[in-house]
Amino acid sequence: MGARCSAPVSVYAEWASDEMLRVLVQDGAPGLPLRYAHSEYGEVGRGLLLVRRCAFGWGVCQHGSGPGKAVWFTLVG
């Protein structure tokens, strides 16, 4: 099983244009997100894979001097 985040997670979304949604998922947990190997029927380990395959663009950034980070992505409809 992949790691689970025990820190609270915040999700923000805004329309960047009529057809583009920008989403930011942020937490205060240390470390950057990692891709984990997943089993065919597993319930974890696919988050970054889904973001990478579905998003128009995406990235990860650390914020401030603390341990937190944010994953951002844009979806085009």
Side-chain angles (χ1 to χ4, degrees):
M1 181 186 296
R4 293 181 184 264
C5 182
S6 60
V9 174
S10 299
V11 179
Y12 304 92
E14 67 179 1
W15 288 103
S17 69
D18 288 343
E19 297 182 4
M20 186 177 293
L21 180 67
R22 183 179 300 125
V23 180
L24 178 80
V25 181
Q26 164 180 326
D27 68 29
L32 296 175
L34 299 172
R35 286 185 15 207
Y36 290 94
H38 61 274
S39 67
E40 183 176 355
Y41 300 105
E43 296 179 1
V44 297
R46 293 182 177 85
L48 287 179
L49 175 67
L50 288 170
V51 167
R52 195 177 84 214
R53 289 197 178 165
C54 297
F56 175 73
W58 72 280
V60 178
C61 58
Q62 292 179 298
H63 51 82
S65 59
K69 76 275 189 186
V71 175
W72 61 267
F73 58 93
T74 54
L75 301 172
V76 177

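These numbers were taken from a predicted model, which means no experiment stands behind them.
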* Asked: Would you call Cys61 and Lys69 a side-chain contact if the rule is heavy atoms closer than 4.5 Å?
  -> no

I'd like a table of donor-acceptor pairs (distance under 3.5 Å, sequence neighbours excluded) in which one partner is a side-chain atom from residues 50-59, with atom names and distances.
none

Name each donor-acceptor pair under 3.5 Å that joins a side chain in residues 9-25 to protein atoms two or more places apart or in another chain, with its distance.
unit_1, atom_1, unit_2, atom_2, d
Glu14, OE2, Arg22, NH1, 2.6
Ser17, OG, Glu19, N, 3.3
Ser17, OG, Met20, N, 3.2

* Indicate the atoms forming the closest heavy-atom contact of Gly28 with Pro67, along with that distance. => O-CG, 3.4 Å

